[in-house]
Amino acid sequence: MISYIIRRVLMAIPLLLGITILSFAIIKAAPGGPTSLLMDPNGKPEDKAKLEEKYGLNDPVYVQYGKWLGNMVKGDFGTSLIRRGMPVSEMILNRLPNTLLLMVTSTILAFLIAVPLGIFSAMRPYTKLDYTVTVGSFLGVATPNFWLGIMLIIFFGVQLGWFPTGGVATLNAPFSIWDRLHHLILPAFVLAAADMAALTRYTRSSMMDVLQQDYIRTAKSKGFKEQTVVLKHGLRNGLIPIITMFGLMLPNFIAGAAITETVFSWPGIGRLFIESAFTRDYPVIMAVTVLTAVFVVIGNLLADILYAIFDPRIEY
C-alpha cells in the first residue's frame, strides 16, 4: 500500500508542475498587467520602467516563472496588488477554513442523502419511489446552483425568515456553533445539490447491477433478509464506482464553491478568487489556482487509495 501511494504522489508532481506553467502563461498573456494597477494612468514611461525593474517584470519569462515557483514552494505567494502590502498567503489562510468547512459539510451531506436514496431506489426499481427519486435527480442535475441559491434565499431567508441570507456568522454576536450551522445549511445544500443528484443516479445504477449478480440471488435463496443481503454482500461491491465518483466530485465542489460563496456572501477562497478576477489581482489568482489544483490532485489520490482498499482486484 505504501509503495502504491508513493507512486501516485510521484505521478502527481509533474501534473502540478504543468498546471503551474499553464497558469503562469495564461496570467502573463492577460491584457494590462500588474503595472497598470500599480501606477497612475497618466504616469510617465520611466515610472513604468522603475516598477517593472522593482518587481522583476522586465526579466525573461522563464526567470520570472522560476522566481515565482521557488517562492511558492516556500509558501510565499507574494503580496496583493489591490490590498497593498498584504501577503497573499495570509489572505488565503484567513478564508481557507470557511471553504473547507463548506466543502466537507457538502460532501458529507451529499453522501448521507444520495447513497441511501440510490440504494432504496435500486431495491425497488420502477416503483413510485424509484420514479420520484429519478425525477428529483434529473432536476438536481439540471438546476444551476446560483439559481437554486437565490430561490432558497428568497423563500427560506426572506419570506419565511428561517435562515440567514448570507455570511458565515451573525455580526457582532458571540461565537456559537448553532449560529455557524444556521448560516451553513443553505450554502452547503446548494453546493451539494448537483453532485447529490448525480451520486444518487450512480448509486442506483451500480447497486442494480450488483443485485442482479448470482451470489446475491444465492444469498437470498438461503433465506437471508433482503436488507442483510444488500448491506452485507452487495453494498461493498456497489460502492466501488461511487469511490471513483468521489474523486470527480472534488473539482465540482471547488468550482461550485466560487459561485455559491458569492451568492451567499460566504468569505471563502472561491469568493476571493471571483473578487480578485474582477480586480485583476494576479498574485491572488495564481495562488488560488495552484491551491485548487492541489486539492484536485489530493481528491484523486484519495479516490485511488480508497479504490484499492475496497476493490480486491487492484494490485498495489
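All values below come from the heavy atoms of this structure, side chains included, with hydrogens, waters and symmetry mates left out. If you're wondering where the values come from, they're calculated on a predicted model, not measured in any experiment.
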Can you list everything that forms a side-chain contact (heavy atoms from CB on, under 4.5 Å) with [X]? Sequence neighbours excluded, please.
X: Asn94; value: Met86, Glu90
X: Ile150; value: Ile154, Val263
X: Thr165; value: Ile153, Val158
X: Asn71; value: Lys74, Asp76

Side-chain contact test, heavy atoms from C-beta onward, threshold under 4.5 Å: evaluate it for Arg201 versus Thr134 and give yes or no.
-> yes
Mind checking whether Phe264 and Val190 have side chains closer than 4.5 Å, heavy atoms only?
-> yes
Under 3.5 Å, which donor-acceptor pairs do the side chains of residues 12-26 form with other protein atoms, sequence neighbours left out?
residue, atom, partner, partner atom, Å
Thr20, OG1, Leu17, O, 2.5
Thr20, OG1, Tyr65, OH, 2.8
Ser23, OG, Ile19, O, 2.8

Side-chain donor or acceptor of Thr127 paired with backbone N/O of Arg124 under 3.5 Å = yes
Quick one: does Trp266's side chain have a donor or acceptor within less than 3.5 Å of a partner on Arg271's backbone?
-> no
Taking a hydrophobic cluster as the set of Ile, Leu, Val, Met, Phe, Trp and Tyr residues connected by side-chain heavy atoms closer than 4.5 Å, whether directly or through intermediates, do [X] and [Y] fall within one such cluster?
X: Val288; Y: Leu96; value: yes
X: Leu186; Y: Leu160; value: yes
X: Leu93; Y: Phe273; value: no
X: Val294; Y: Leu272; value: yes

Are there more than 12 heavy atoms of other residues, nucleotides or ligands under 6.0 Å from atom CE of Met11?
-> no
Taking atom CD1 of Ile177 as the centre, report whether more than 12 heavy atoms of other residues, nucleotides or ligands fall under 6.0 Å from it.
-> no
Non-hydrogen atoms of [X] and [Y] that approach each other most closely:
X: Phe77; Y: Ala287; result: CD2-CB, 3.5 Å
X: Val284; Y: Ser276; result: CG1-OG, 3.0 Å
X: Val88; Y: Pro283; result: CG2-CB, 3.8 Å
X: His183; Y: Gly166; result: CD2-O, 3.4 Å
X: Ala122; Y: Pro125; result: O-CD, 3.3 Å
X: Ser137; Y: Ala197; result: O-CB, 3.1 Å

How would you list, by chain and number, every residue that makes a side-chain hydrogen bond (donor to acceptor under 3.5 Å, both in side chains) with Asp130, sequence neighbours excluded?
-> Ser121, Arg204
Residue list, side-chain hydrogen bond (donor to acceptor under 3.5 Å, both in side chains) with Thr203, at least two apart or on another chain | none
Name all pairs fulfilling the ring-ring contact (aromatic ring centres under 6.0 Å, His included) condition that reach into residues 126-163, sequence neighbours left out, sorted by first residue then second.
-> Phe156-Trp162, Phe163-His182
Which atom pairs, donor and acceptor, lie under 3.5 Å between side-chain atoms of residues 99-112 and protein residues at least two apart or in another chain?
residue, atom, partner, partner atom, Å
Thr99, OG1, Glu261, OE2, 2.9
Thr99, OG1, Ile269, N, 2.8
Thr105, OG1, Leu101, O, 2.7
Ser106, OG, Leu102, O, 2.7
Ser106, OG, Ala188, O, 3.2
Thr107, OG1, Met103, O, 2.8

Residues clustered with Val135, ILVMFWY side-chain links under 4.5 angstrom = Leu139
Other than Val141, what residues sit in its cluster of Ile, Leu, Val, Met, Phe, Trp and Tyr side chains whose heavy atoms are under 4.5 Å apart, directly or through others?
-> none
What distance do [X] atom [atom1] and [Y] atom [atom2] have between them, rounded to the nearest 0.5 Å?
X: Leu117; Y: Thr200; atom1: CG; atom2: OG1; answer: 5.5 Å
X: Met196; Y: Ile113; atom1: CE; atom2: CD1; answer: 4.0 Å
X: Met123; Y: Met207; atom1: CE; atom2: CE; answer: 8.0 Å
X: Met286; Y: Leu69; atom1: CE; atom2: CG; answer: 9.5 Å
X: Ile259; Y: Ile274; atom1: CD1; atom2: CD1; answer: 7.0 Å

Only counting residues at least two apart or in another chain, list the ones meeting salt bridge (charged side-chain N to carboxylate O under 4.0 Å, His left out) with Arg95.
-> Glu275
